[in-house]
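Before any comments, here is the structure.
Side chains included, hydrogens not; waters and symmetry mates left out as well; all remaining heavy atoms used. Everything quoted here is computed from the prediction, not taken from an experiment.
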Amino acid sequence: MLAIFHKAFAHPPEELNSPASYKGSKKPKLPEETLRDFLSHHPQNTSYMSFGQAAVLAYVRPDNPFSVHQRLFCGLDDIYCLFLGSLNNLSLLIKQYGLSKGTNEAMFVIEAYKTLRDRGPYPADQVVKDLDGSFAFVVYDSKIGTVFAALGSDGGVKLYWGIAADGSVVISDDLEVIKEGCAKSFAPFPAGCMFHSEGGLVSFEHPMNKLKAMPRIDSEGIMCGANFKVDKFSRVNSIPRVGSQSNWMEWDQH
């Protein structure tokens, strides 16, 4: 999968951007070039949606639709979800949310996102923590221009993110496309974490702890985009209470 969001709609950590990206022979590419690369990697079975200058979502249909590591793409009420992997407790979650039996993982994530967006009773970190399985997802709410992404903690699915030449955020499970499109300004998306375009990057496993940027040097000795690890000794000031007076998406990391 590939998701690209204009910098006006997503604000990733500054440490993801490496100054070395603009000094070497291989420079970051523009989003349209990265999309072309992705489509050329998967010429037979790829589809994509473009949302003007705001976003692009691309999806590779799976060769085996019954694989454990599914690739799903769906949209509902102007909300779109790319999903990789599978949830072991999907049937339980479907019952909990009162959804129809035919609901797949991507549909469920959209419904869970809608519940959070509309100020449901649970904090965002708890909702994502309740997902049992190997998973990664990216949600784009095209009505309000927000991005919500997460990666499970078990390491069963890989996800990467980086910064394009124009400052756009690029998210993909295709490491080669990320490397080509973002030069040195990329890193693995941190496992057990979620990212929101307004709230930033947070560990859903340890929501009361800050995340620390860890310098990452490649085999050439060049500084790349940082990894992010939970800082066990540094706590956030507060997590806002979910309710009519607070927005779940604006958690505080400072």
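One finds a salt bridge joining Lys29 and Glu180 here, because a Lys/Arg side-chain nitrogen approaches an Asp/Glu carboxylate oxygen to under 4.0 Å. In this structure, Lys212 does not pair ionically with Glu15, as no charged nitrogen and carboxylate oxygen lie closer than 4.0 Å.
The shortest non-hydrogen separation linking Ile110 to Ile79 is CD1-O, 3.4 Å. The shortest non-hydrogen separation linking Phe186 to Cys182 is CB-CB, 4.1 Å. Nearest heavy atom pair, residue Ser134 against residue Gly156, reads OG-CA, 3.7 Å. Closest non-hydrogen pair, Ala164 versus Tyr22, comes out as O-OH, 4.0 Å. Heavy-atom minimum distance, Pro188 versus Trp161: O-NE1, 3.8 Å. Heavy-atom minimum distance, Ala183 versus Lys26: CB-O, 3.4 Å.
In this structure, Phe148 has its ring center no closer than 6.0 Å to that of Tyr140. The distance between the ring centers of Tyr160 and Phe189 does not fall below 6.0 angstrom.
Under the 3.5 Å distance criterion, with hydrogens and angles disregarded, no donor-acceptor pair is assigned to the side chains of Gln70 and Ser86. Asp141 and Tyr113 share a side-chain donor-acceptor pair at under 3.5 Å. For the residue pair Asp125 and His206, no side-chain donor N or O sits within less than 3.5 Å of a side-chain acceptor on the partner.
Proximity of Val157 to Asp173: side-chain heavy atoms (C-beta onward) are nowhere separated by under 4.5 Å. The shortest distance between side-chain heavy atoms of Thr146 and His196 falls below 4.5 Å. Side-chain contact check for Met194 versus Glu205: every heavy-atom pair is 4.5 Å or farther apart.
Remark: Glu105 CD to Ile94 CD1 distance equals 8.0 Å, nearest 0.5 Å. Atom SG of Cys74 sits about 5.5 Å away from atom CG of Asn104, to the nearest 0.5 Å. To the nearest 0.5 Å, atoms CD1 (Ile178) and OG1 (Thr34) are separated by 8.0 Å. The CG atom of Leu151 sits 7.5 Å away from the CZ atom of Phe135 when rounded to the nearest 0.5 Å. To the nearest 0.5 Å, the span separating NZ on Lys229 from CG on Asn209 amounts to 14.5 Å. Note that CZ of Phe51 is 5.5 Å distant from OG of Ser142, once rounded to the nearest 0.5 Å.
At distances below 3.5 Å, at least one donor-acceptor pair connects side-chain atoms of Asn45 with backbone N or O atoms of Arg61. No donor-acceptor pair under 3.5 Å is formed between the side chain of Ser203 and the backbone N or O of Val230. Remark: side-chain polar atoms of Asn89 are paired, donor with acceptor, to backbone N or O of Asp132 under 3.5 angstrom. At least one donor-acceptor pair closer than 3.5 Å links the side chain of Ser18 to the backbone N or O of Met223. Ser153 contributes no side-chain N or O that, together with a main-chain N or O of Ala191, makes up a donor-acceptor pair within less than 3.5 Å. Judged purely by atom type and a 3.5 angstrom limit, Arg216 uses its side chain to pair as donor or acceptor with the backbone of Gly225. Between the side chain of Ser21 and the backbone N or O of Asn17 there is no donor-acceptor pair closer than 3.5 Å. Without hydrogens or angle criteria, Thr103 side chain to Leu99 main chain gives no donor-acceptor distance under 3.5 Å. A side-chain donor-acceptor contact under 3.5 Å links Ser172 to the backbone of Met1. Looking at Ser234, its side chain never comes within 3.5 Å of a backbone N or O of Lys210 through a donor-acceptor pair.
Hydrophobic clustering (side-chain heavy atoms under 4.5 Å, transitive across Ile, Leu, Val, Met, Phe, Trp, Tyr) keeps Ile144 apart from Val56. Note on Leu2: it does not cluster hydrophobically with Leu57, by side-chain heavy-atom contacts below 4.5 Å among ILVMFWY residues. Criterion: ILVMFWY side-chain heavy atoms under 4.5 Å apart, direct or through other members. Under it, Val60 and Ile4 are part of a common hydrophobic cluster. Both Leu159 and Val169 sit in one connected hydrophobic cluster of ILVMFWY residues. Membership requires side-chain heavy atoms under 4.5 Å apart, directly or through other members. Taking hydrophobic clusters as Ile, Leu, Val, Met, Phe, Trp and Tyr residues chained together by side-chain heavy-atom distances below 4.5 Å, Leu201 shares a cluster with Ile171.
Between Phe137 and Phe83, the two ring planes are parallel [angle under 30°; tilted spans 30° to 60°].
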Margin query: Let's go through Leu87 and Leu93 carefully: what are the C-alpha distance in whole Å and the side-chain angles of both, what is the deciding distance for side chain to side chain contact (heavy atoms under 4.5 Å, CB included) to 0.1 Å, and is it a yes or a no?
Written below: CA-CA 9 Å; Leu87 298 178; Leu93 292 166; 4.1 Å; yes

Next item on the list: Verify side chain to side chain contact (heavy atoms under 4.5 Å, CB included) between Leu211 and Cys193, making sure each step is shown before the conclusion.
Entry: CA-CA 9 Å; Leu211 288 169; Cys193 290; 4.0 Å; yes

Check: Checking side chain to side chain contact (heavy atoms under 4.5 Å, CB included) for the pair Met107/Leu72: CA distance, chi angles, key distance, verdict?
Finding: CA-CA 9 Å; Met107 294 173 187; Leu72 302 169; over 6 Å; no

Margin query: Could you go through Phe108 and Tyr97, starting from their C-alpha distance and side-chain angles, then the distance that decides it, and tell me whether this counts as ring pair (Phe, Tyr, Trp, His ring centres under 6.0 Å)?
Written below: CA-CA 9 Å; Phe108 167 75; Tyr97 280 74; 4.9 Å; yes

Note to self: Applying side chain to side chain contact (heavy atoms under 4.5 Å, CB included) to Lys114 and Leu76, what does each step give before you reach the verdict?
What the structure shows: CA-CA 10 Å; Lys114 284 169 68 178; Leu76 180 69; 4.3 Å; yes

Margin query: Applying side-chain hydrogen bond (donor to acceptor under 3.5 Å, both in side chains) to Ser168 and Asp166, what does each step give before you reach the verdict?
Written below: CA-CA 6 Å; Ser168 293; Asp166 66 347; 2.9 Å; yes

Notebook entry, point to check: Does the pair Tyr59 and Tyr48 meet the rule for a ring pair (Phe, Tyr, Trp, His ring centres under 6.0 Å), with working shown?
Noted result: CA-CA 6 Å; Tyr59 160 73; Tyr48 72 94; over 10 Å; no

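Heavy atoms of other residues, nucleotides or ligands lying less than 6.0 angstrom from NZ of Lys27 number more than 12. For Gln53, the CD atom is loosely surrounded, since the number of other residues' heavy atoms within 6.0 Å does not exceed 12.
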